[in-house]
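Model, not experiment: these values are computed from the prediction.
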Amino acid sequence: MATGEGLHKHAFWLYGVIIGLAIKEALAAVIPHVFNPPPNEVGAITLEAARLFVFLVVTIRFFLGSVFYFDCAHTGPGCDDTYPNKDYYVDFLFGLVHFIFFFAWALSIDAFKTHIKLFPGLLTLILLYDWLWYLVSRRYDTQHVIKLWTWINTGTVTVAGGVYLAFRAMQFGPALSQAVAFVPVVIFSLIDIGDIMRERDTIGDWLRGLSNRRANRPGATG
């Protein structure tokens, strides 16, 4: 049976409150430094601005993604036929914990009070968190959707980490290397946001097409 509309509405109200508080904390950390910048700290302020932009883009992406997922798997028309074996409460709990991590992530934006590796470390945790959700959900029909997002997020971390290490190897500073490493995260997130808004699956289609091409190569085995 599809989840009741009233229950789902209140559940997402809780998601919205947590995300709203996280965005408030993020803005409160950066805006005072923009209007009253500490002397000789242009690099730190620039890094904070980059972090705030990444935080907002990724947060919007995951919130819209959660709306899309729950509509697809639990509340939308035909969801019980497409995904008969599922658990709303497991999905809700994992989403709740995930968004609490976003609140913690918002507290790490301040480049003057937090360790420089804390923000990217929490970003990595947020992107790889889906692995735990996927492992718990493997017995459900929804695991195919979760698996796709898990691999996309893992690929994002891999590319961003590679960019960071490459720039550090070229003797760039950690702040600049970190800011540049955010670029693939933003690109993947904007593509995903666009797909959600247009009900498309650009990255997923590309991955499935790549998998099919490999499976159809001469000599490939099933």
Side-chain angles (χ1 to χ4, degrees), residues 8 11-12 15-16 18-20 22-23 26 49-76 79 82-83 86 91-92 94-106 108-109 119-137 140-164 178-213:
H8 182 65
F12 257 78
Y15 279 10
I18 296 173
I19 290 298
I23 292 175
R51 286 176 171 180
L52 177 61
F53 181 70
V54 173
F55 173 82
L56 292 174
V57 170
V58 173
T59 300
I60 292 170
R61 173 201 173 194
F62 273 87
F63 185 75
L64 291 179
S66 67
V67 173
F68 172 82
Y69 173 80
F70 278 93
D71 182 66
C72 177
H74 294 288
T75 64
C79 63
T82 306
Y83 305 104
K86 58 194 173 182
D91 289 337
F92 173 75
F94 271 91
L96 180 64
V97 174
H98 203 185
F99 286 129
I100 291 174
F101 287 152
F102 275 83
F103 184 82
W105 188 32
S108 71
I109 290 179
F119 182 87
L122 288 173
L123 171 58
T124 301
L125 174 63
I126 284 171
L127 291 175
L128 297 182
Y129 175 81
D130 282 350
W131 275 108
L132 181 59
W133 184 25
Y134 168 67
L135 292 174
V136 172
S137 302
Y140 301 127
D141 297 326
T142 52
Q143 60 106 357
H144 299 292
V145 180
I146 300 169
K147 181 180 181 180
L148 177 61
W149 280 339
T150 299
W151 280 111
I152 291 173
N153 290 332
T154 301
T156 303
V157 170
T158 302
V159 174
V163 171
Y164 177 82
Q178 185 179 126
V180 176
F182 292 150
V183 172
V185 177
V186 171
I187 291 175
F188 277 107
S189 296
L190 290 177
I191 292 174
D192 200 22
I193 290 172
D195 282 351
I196 293 170
M197 301 297 290
R198 294 175 295 180
E199 297 184 354
R200 296 174 56 183
D201 190 11
T202 302
I203 301 175
D205 290 342
W206 179 81
L207 289 175
R208 283 186 286 267
L210 181 63
S211 176
N212 290 336
R213 284 195 296 271

From the list Phe68, Phe99, Phe102, ring pair (Phe, Tyr, Trp, His ring centres under 6.0 Å) with Phe62 holds only for Phe102

Among Phe12, Phe70, Tyr69, Tyr15, whose ring pair (Phe, Tyr, Trp, His ring centres under 6.0 Å) with Phe92 holds?
-> Tyr15

Is there a side chain to side chain contact (heavy atoms under 4.5 Å, CB included) between His98 and Ser66 once you walk through the steps?
-> CA-CA 11 Å; His98 203 185; Ser66 67; over 6 Å; no

Could you give the distance from [atom1] ([X]) to [atom2] ([Y]), rounded to the nearest 0.5 Å?
X	Y	atom1	atom2	value
Ile196	Ile191	CD1	CD1	12.0 Å
Thr150	Leu127	OG1	CG	11.0 Å
Tyr140	Asp91	OH	CG	8.5 Å
Tyr134	Thr142	OH	OG1	11.0 Å
Thr124	Asn153	OG1	CG	11.0 Å

On a heavy-atom basis, the closest approach of Cys79 and Cys72 is CB-O, 3.4 Å

Could you pull out the closest heavy-atom pair between Ala22 and Ala106, with the gap in Å?
-> O-CB, 3.2 Å

Report all side-chain donor-acceptor pairs from residues 49-59 shorter than 3.5 Å, counting only partners two or more places apart or in another chain.
| from | atom 1 | to | atom 2 | distance (Å) |
| --- | --- | --- | --- | --- |
| Arg51 | NE | Gln178 | OE1 | 3.0 |
| Arg51 | NH1 | Ser108 | O | 3.4 |
| Arg51 | NH1 | Ile109 | O | 3.1 |
| Arg51 | NH2 | Ile116 | O | 3.0 |
| Arg51 | NH2 | Gln178 | OE1 | 3.0 |
| Thr59 | OG1 | Phe55 | O | 2.6 |

Between Leu123 and Trp105, does a side chain to side chain contact (heavy atoms under 4.5 Å, CB included) hold up when you go through it step by step?
-> CA-CA 7 Å; Leu123 171 58; Trp105 188 32; 3.6 Å; yes

Distance-only donor-acceptor check, side chains Trp151 and Asp130, under 3.5 Å = no

Dump the intermediate steps for side chain to side chain contact (heavy atoms under 4.5 Å, CB included) on Leu128 and Thr154, then the final yes or no.
-> CA-CA 6 Å; Leu128 297 182; Thr154 301; 3.8 Å; yes

Would Leu96 and Ile18 count as a side chain to side chain contact (heavy atoms under 4.5 Å, CB included) if you check the C-alpha gap in whole Å, the side-chain angles of each, and the deciding distance to 0.1 Å?
-> CA-CA 9 Å; Leu96 180 64; Ile18 296 173; 3.4 Å; yes

Can you check whether Val185 reaches Ser189 side chain to side chain, under 4.5 Å on heavy atoms?
-> yes

